[in-house]
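In what follows, a single structure is set out as structure tokens and then discussed.
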Amino acid sequence: MLILELPPNGAATRKSTGGIVTMIKHLEVGSVLAATFIDGIEETPHVVGTLKLDDERGVRVFIPFVQGSKDFESVEDWFDGQNPPPHLSVIGNDLRIGLFGCGFSGLTSNTPHGTAEGHIDAEEAVLKERDGEFSDPLRVKEVTSEIDGLYEWARLKSVTTDHSTEGDGWSLTNTLVFTVKAAQGLVWRQGDATLSVSTTFNGSSGRGINLEEKAVLRSAFDLPRSFDGAH
């Protein structure tokens, strides 16, 4: 399955100061998040459930409902007919995700109590609020891929240093300047795609400065396409 994350200049991970809500931009394996799931049909009530990132099956959705209840008619139809909506919007307290390629993956029920839980697996998850027509399929113009060993193979570095000294003896001053800038590597054309290798980095501060650097492969296309057609 595919998870498309926000670009580096996108939203922060949780909440910023001043009460401004910012969105999750990264899912950890094993994460379980409570959320509202919306199918884009005006007559369908919004439903509440949980979203989990499974290390084997990717993004999974679990929706509890009461069987035979009018309030859950639409949800019951999703699972009795094994035909959930192909796209779902996921909204939580600090969560905005678009799910694409949704498919039925199971149903568990407690018949004596009239309760059940439906399971949905998604092929693609976009960590951003949907901003187009709800029925539109996922289309991408650029894909960024992380490949094992690419950083070592590319031999690119985002960090350069400049060391200088002034004075001598007790007045000796050492200055070390770090410049951090994404490094661009190879660029080539393959079919109707432009491919390039470059570095990307994330930094954090505290007692010292910590920087995590990696190389990525970017594939850019002239026209948007499905993710299956982009790799």
Side-chain angles (χ1 to χ4, degrees), residues 1-13 22-41 44 46-63 75 78-79 81-107 117-148 150 190-196 200 214 216-231:
M1 76 92 53
L2 164 72
I3 297 180
L4 297 180
E5 298 185 0
L6 291 176
N9 60 349
T13 54
T22 55
M23 298 301 109
I24 289 174
K25 66 171 183 177
H26 180 71
L27 290 178
E28 297 289 344
V29 172
S31 297
V32 179
L33 305 170
T36 299
F37 297 86
I38 302 170
D39 66 359
I41 300 174
T44 303
H46 299 171
V47 298
V48 176
T50 56
L51 180 147
K52 178 181 180 180
L53 180 57
D54 185 270
D55 60 349
E56 294 183 356
R57 300 182 62 170
V59 170
R60 310 199 69 201
V61 172
F62 302 88
I63 298 178
V75 176
W78 293 359
F79 299 110
Q82 300 187 11
N83 188 33
H87 315 315
L88 287 169
S89 281
V90 184
I91 298 178
N93 185 40
D94 51 359
L95 186 70
R96 297 292 187 274
I97 295 178
L99 299 181
F100 298 83
C102 297
F104 173 85
S105 65
L107 175 67
E117 183 181 74
H119 307 159
I120 295 172
D121 287 354
E123 293 180 359
E124 294 106 13
V126 180
L127 305 189
K128 185 179 180 181
E129 189 167 10
R130 193 185 192 97
D131 57 3
E133 292 293 330
F134 208 95
S135 59
D136 288 346
L138 176 65
R139 293 286 185 266
V140 297
K141 287 197 69 175
E142 183 176 301
V143 176
T144 300
S145 307
E146 296 180 20
I147 302 172
D148 291 343
L150 182 61
Q190 184 171 317
D192 59 350
T194 299
L195 288 82
S196 61
T200 183
K214 54 191 173 185
V216 296
L217 173 67
R218 287 189 171 86
S219 305
F221 304 91
D222 297 331
L223 297 174
R225 62 189 59 211
S226 68
F227 181 77
D228 286 342
H231 74 299

Looking at side-chain heavy atoms only, is the closest gap between D192 and R225 below 4.5 Å? yes

Minimum heavy-atom distance E124-G101, with the two atoms named: OE1-N, 4.4 Å

For D136, I'd like to know if atom CG has over 12 heavy atoms of other residues, nucleotides or ligands within 6.0 Å. yes

Is there side-chain contact between F100 and P137, with at least one heavy-atom pair below 4.5 Å? no

Between CG on residue D55 and CG on residue L53, distance to nearest 0.5 Å: 8.0 Å

At what distance, to the nearest 0.5 angstrom, does CZ of R60 lie from CG of D54? 6.5 Å

Gap separating the CD atom of E123 from the CG atom of L138, nearest 0.5 angstrom: 10.5 Å

Heavy-atom pair with the smallest gap, counting every atom of I63 and V47: CD1-CG2, 3.9 Å

Can you tell me how far CD1 of I97 sits from CG of L33, rounded to the nearest 0.5 angstrom? 6.5 Å

Hey, does I120 have a side-chain heavy atom less than 4.5 Å from the side chain of L99? no

F79 and F104: which non-hydrogen atoms are nearest, and at how many Å? O-CE1, 3.6 Å

Check whether any side-chain heavy atom of K141 lies under 4.5 Å from a side-chain heavy atom of F221, and answer yes or no. no

How are the rings of F62 and H119 set to each other: parallel, tilted or perpendicular (split at 30° and 60°)? perpendicular

With a 4.0 Å cut-off, would you call D121 and R57 a salt bridge? yes

Check: L88 and D39 side chains under 4.5 Å, non-hydrogen atoms: yes

Of all heavy-atom pairs between T44 and W78, which one has the smallest distance, and what is that distance? CG2-CZ2, 4.4 Å

Could you tell me the separation between the CG atom of L217 and the CD1 atom of I147, rounded to the nearest 0.5 Å? 5.0 Å

Which pair of heavy atoms, one from P84 and one from G103, lies closest together, and at what distance? CG-C, 3.7 Å

Nearest non-hydrogen partners of A34 and L95, listed with the distance: O-CD2, 4.5 Å

